[in-house]
Structures are given as structure tokens and as C-alpha cells.
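Taking it in order: structure first as C-alpha cells, then the write-up.
Every number for a ligand or one of its atoms is a count from 1 in the order of the listing. Only a predicted model underlies this, so the values are computations on that prediction, with no experimental measurement involved.
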Amino acid sequence: MVKIIDKEFVPFITAEAIDSRLQEMGEMISKDFKDDNPIILGVLNGAFMFLSDLAKYIKIPAEISFIKVSSYQGISSTGEVKDLIGLDAKLQGRKVIVVEDIIDTGLSMTHLLKKLKINQPSQISVVTLLFKPEALKHQLKIDYIGFEIPNKFVVGYGLDYDGFGRNLPAIYQLK
Ligand code: 5GP
Ligand code: MG
Ligand code: MG
């Protein structure tokens, strides 16, 4: 059990389970993008740890960059999405792999994909560590999913509760 601010969280996905899933995902991505020199775009802040670990299992030449999009406060989505910042990579004609920590309603990813398409990449693929199928409200194609999880708030491994908990090496679920 971990306490963050006023909430209690219980163990949900261990660091070992995350690592072995990342190894599988890395192998799939390496195979699928073998000759493509893709650009991998991690979505900050949530995906920092996920991409850092996943990248070690991606054994092909790839550019890695980070972008930042939305503000999300407390434990329920405000639906408020900010502009895309930090995009310095040239996407035109390139294969882009977007890496997110979690897809909940799908709103953030839908907005992000719309913005990225303006830069005319030849292909955009979506990778997410966690996916809550019951929460999805937007039509979205997700290419690589680490874990499908129930519609319950989680923290750790990059994911925060009001800014805290990102440093936890495993994933915890609201008690
Ligand atoms: P969406 O736009 O798909 O509803 O939400 C995506 C964003 O909401 C994620 O990038 C993340 O910041 C936040 N989010 C959604 N569900 C959770 C959750 O269970 N835990 C945490 N920490 N953040 C979440
Ligand atoms: Mg995120
Ligand atoms: Mg957050």
C-alpha cells in the first residue's frame, strides 16, 4: 500500500511484469519498423519512464523526441487540452510513433493526432502502456497496448496523482 496526499493505492502491476511486457513490445516495434528510421515521440510527463525503458528494447535506428500536450488535474479528466509544445523533429514524410502512458477517454490522443497530422508524416502509430477500454469515448486506432486495465485510477511508473507518484517503479491502483 502507498499513500499519496490523501489517497491510498494498492499494488497493481509489478515492475517485473512491466519489464517483460516492454520487452515484447520492443520486439514487435523493432520488427515492424525495421527499415523505417521512425521518429518516436514520447508524450510528457507521463510517458517519460515508459519510453526510457521501452527504448532499450527497440533495437533499430530511431529518433527519439518528447512533446507535451495536456493538463490533467486530480483524478478525473477535465477535458481541457492545451497546445502541442516542444515539437522540433521534422515529421514530413516520416513514420511517427507516438508513445503515451495511458489512454482513458481518448480525447488527448485524438487532439494530439490531429495536430501531428498537420506536419504531414507518412504514417502515425500509437503506443500506450495502459488502456482503459471501458472509458474510451473517441474512435481511435491504438497499435500497441501494454496492458488493458479496468476503469480505475492508477499511479506510478510515470503516472501521477496531482503531480506525485511518477517515480514509483511499479503501477498502483486507487484502493
Ligand atoms: P484521456 O484524454 O485519454 O481521457 O486521458 C489521457 C490522460 O489523462 C493521460 O495522459 C493521463 O495524464 C490522464 N489519465 C487518465 N487516466 C489516468 C489514470 O488512471 N491515472 C493517471 N495518473 N492519469 C490518468
Ligand atoms: Mg499521458
Ligand atoms: Mg496526470
field: For atom 16 (N) of ligand 1, the option (of R166, K137, K132) bearing the nearest heavy atom
entry: K132
message: Less than 4.5 Å apart, side chain to side chain, heavy atoms only: is that true for R166 and Y157?
response: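 They are not in contact (no side-chain heavy atoms under 4.5 Å apart), so the answer is no.
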- prompt: Side chains of I67 and L44: closer than 4.5 Å at any heavy-atom pair?
  reply: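 No, every pair of side-chain atoms sits at 4.5 Å or beyond.
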Within the 4.0 Å heavy-atom shell around [X], which atoms of ligand 1 are there?
| X | result |
| --- | --- |
| T105 | 1 (P), 2 (O), 3 (O), 4 (O) |
| E100 | 10 (O) |
| D160 | 21 (C), 22 (N) |

Cationic N near anionic O, under 4.0 Å, E63 to R94: yes
- prompt: Is R21 paired with D19 through a side-chain N to carboxylate O contact shorter than 4.0 Å?
  reply: no
field: Residue part near ligand 1, for D101, under 4.0 Å between non-hydrogen atoms
entry: side chain
- prompt: Which bit of M109 gets closer than 4.0 Å to ligand 1, counting heavy atoms only: side chain, backbone, both or neither?
  reply: neither
query: Counting backbone and side-chain atoms alike, does D162 have an N/O/S atom under 2.8 Å from the Mg ion (ligand 3)?
result: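 So D162 does not bind the Mg ion (ligand 3) by this criterion.
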- request: Pick out which of I149, T128, L130, N151 makes a side chain to side chain contact (heavy atoms under 4.5 Å, CB included) with D104.
  value: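 Testing each of I149, T128, L130, N151 against D104, the sole residue satisfying side chain to side chain contact (heavy atoms under 4.5 Å, CB included) is N151.
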Any nitrogen or oxygen of [X] lying under 3.5 Å from a nitrogen or oxygen in ligand 1? Just yes or no.
| X | answer |
| --- | --- |
| F153 | no |
| G106 | yes |
| Y161 | no |

Short side-chain to backbone donor-acceptor contact, D160 and G165, under 3.5 Å: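 Checking the backbone N and O of G165 against the side chain of D160, no donor-acceptor pair under 3.5 Å is found.
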- prompt: Is a donor on one side and an acceptor on the other found under 3.5 Å between the side chain of S30 and the backbone of K59?
  reply: yes
message: For N/O/S atoms only: which one belongs to D101 and is nearest the Mg ion (ligand 2)?
response: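 That would be atom OD1.
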query: Which atom, counting only N, O or S, brings E100 closest to the Mg ion (ligand 2)?
result: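 The atom in question is OE1.
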field: Derivation of the salt bridge (Lys or Arg N to Asp or Glu O under 4.0 Å) call for K34 and D32
entry: CA-CA 6 Å; K34 193 162 46 79; D32 295 349; over 6 Å; no
The Mg ion (ligand 3) - closest N/O/S atom in D160: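 Closest to the Mg ion (ligand 3) among those atoms: OD1.
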- prompt: When you look at F153 and K7, which way does the side chain to side chain contact (heavy atoms under 4.5 Å, CB included) test go after all the steps?
  reply: CA-CA 11 Å; F153 193 80; K7 300 258 187 299; over 6 Å; no
field: Within-shell test, H111 vs ligand 1, heavy atom, strictly < 4.0 Å
entry: no
